[in-house]
Amino acid sequence: MGTLQLEVVTPDKTVVSAEVEMAVCPGVEGEFGVLPQHVSMLSALKIGDLRYRVNGKDENVFISGGFADVNNNVLSVLAESAELATDIDTARAQAAKERAEKRLSAHDDSLDETRAEAALQRAVTRLQVAQLR
Ligand code: ATP
């Protein structure tokens with residue numbers, strides 16, 4: 001069935017550059033799969049797990065939201081931050097989770113709730129993706 005090229009890029013670095021058999025992305029309206037020779041598309045991504053298959057083996061990457069662009073058999077994922085499941089620092093994610101929970105439960109007037117919720121979501125999702133390694 002062939003392969004497609006997957007590129008996962010953040011402002012800092014290229015996190016994945018690989019020929020893959022398929023990928024499943026965390027779209028804002030639900031997960032979607034991309035197989036080789038997929039039609040062109042652009043989709044917004046939410047905080048979640050991006051799964052891809054190489055030689056029959058699944059790999060997982062944490063994505064902090066962003067965009068997925070499919071064109072000419074290349075899936076380009078642009079994200080604010082992304083880490084391979086094996087590169088996730090679980091102690092750091094746990095600390096970020098506790099920090100966000102504390103902020104949210106303090107109900108301080110100066111709290112930016114949307115920001116705190118997003119930080120919590122990133123931390124919880126990093127811990128989930130790290131479990132998949
Ligand atoms: P923190 O509060 O721990 O910084 P955050 O969710 O605010 O977490 P981001 O802004 O998403 O962090 O990411 C900043 C940089 O740190 C990115 O390069 C990201 O890949 C990296 N990073 C953040 N958390 C982790 C983690 N738990 N393990 C590995 N890398 C991480």
Side-chain angles (χ1 to χ4, degrees):
M1 187 157 175
T3 57
L4 86 148
Q5 185 67 24
L6 170 66
E7 301 285 334
V8 178
V9 175
T10 72
D12 302 330
K13 60 179 178 182
T14 297
V15 178
V16 182
S17 178
E19 268 188 39
V20 307
E21 287 137 36
M22 59 95 96
V24 179
C25 300
V28 286
E29 275 153 28
E31 285 198 329
F32 61 89
V34 181
L35 290 169
Q37 309 305 331
H38 197 285
V39 291
S40 295
M41 66 168 280
L42 179 65
S43 173
L45 303 180
K46 62 182 177 186
I47 295 166
D49 168 39
L50 184 151
R51 181 161 49 94
Y52 63 93
R53 189 166 296 162
V54 178
N55 296 327
K57 189 173 178 297
D58 282 355
E59 305 286 348
N60 298 84
V61 193
F62 165 83
I63 301 288
S64 70
F67 293 92
D69 174 72
V70 183
N71 207 357
N72 283 327
N73 216 32
V74 180
L75 166 58
S76 304
V77 173
L78 310 177
E80 201 49 57
S81 61
E83 303 102 43
L84 292 168
T86 46
D87 288 340
I88 293 171
D89 177 341
T90 52
R92 177 173 170 175
Q94 186 61 39
K97 176 174 177 276
E98 284 161 20
R99 219 161 41 237
E101 281 170 345
K102 216 163 157 186
R103 278 204 195 99
L104 286 163
S105 64
H107 297 297
D108 195 299
D109 281 349
S110 65
L111 176 71
D112 181 339
E113 197 162 335
T114 307
R115 187 173 163 187
E117 291 281 9
L120 178 59
Q121 193 60 46
R122 287 196 300 277
V124 168
T125 306
R126 279 185 170 111
L127 292 170
Q128 286 167 350
V129 175
Q131 293 278 311
L132 301 170
R133 67 198 179 191

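Both counts, for ligands and for their atoms, begin at 1 and track the order of listing. Positions are given from 1, in the same order as the sequence printed here.
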Checklist entry - More than 12 non-hydrogen atoms from neighbouring residues, nucleotides or ligands closer than 6.0 Å to CD on E80, yes or no? => result no
Checklist outcome for this item: Residue, atom and distance of the protein heavy atom nearest atom 27 (N) of ligand 1 read D89 O, 2.9 Å
Checklist outcome for this item: The protein heavy atom nearest to atom 9 (P) of ligand 1 is R126 NH2, 3.8 Å
Checklist entry - Does any N/O atom on T90 come nearer than 3.5 Å to any N/O atom on ligand 1? => result no
Checklist entry - Do V34 and V54 belong to the same hydrophobic cluster, where Ile, Leu, Val, Met, Phe, Trp and Tyr are linked whenever their side-chain heavy atoms lie under 4.5 Å apart, directly or via other members? => result yes
Next on the checklist: Taking atom CD as the centre, does Q5 end up with more than 12 heavy-atom neighbours from other residues, nucleotides or ligands that are less than 6.0 angstrom away?
Outcome noted: yes
Checklist entry - Considering R92, E83, K13, which one's heavy-atom position lies nearest to atom 16 (O) of ligand 1? => result R92
Next on the checklist: Within the 4.0 Å heavy-atom shell around D12, which atoms of ligand 1 are there?
Outcome noted: 18 (O)
Item to check | Side-chain heavy-atom pair L4, L35 within 4.5 angstrom cut-off | outcome: no
Next on the checklist: A quick test of your reading: do over 12 heavy atoms of other residues, nucleotides or ligands sit less than 6.0 Å from CZ of R115?
Outcome noted: no
Checklist entry - Got E117 and L104 here, is their nearest side-chain heavy-atom distance under 4.5 Å? => result yes
Checklist outcome for this item: Filtering E80, Q94, R122 for the heavy atom nearest atom 10 (O) of ligand 1 leaves R122
Checklist outcome for this item: Note: ligand 1 atoms sitting under 4.0 Å from heavy atoms of I88 are 28 (N)
Checklist entry - Could E101 and K97 be called an ion pair, given the rule that one side-chain N must be under 4.0 Å from one carboxylate O? => result yes
Item to check | ligand 1-proximal atoms of S81, by part, heavy-atom distance under 4.0 Å | outcome: side chain
Checklist entry - Can you list the ligand 1 atoms lying under 4.0 Å from a non-hydrogen atom of R99? => result 1 (P), 2 (O), 3 (O)
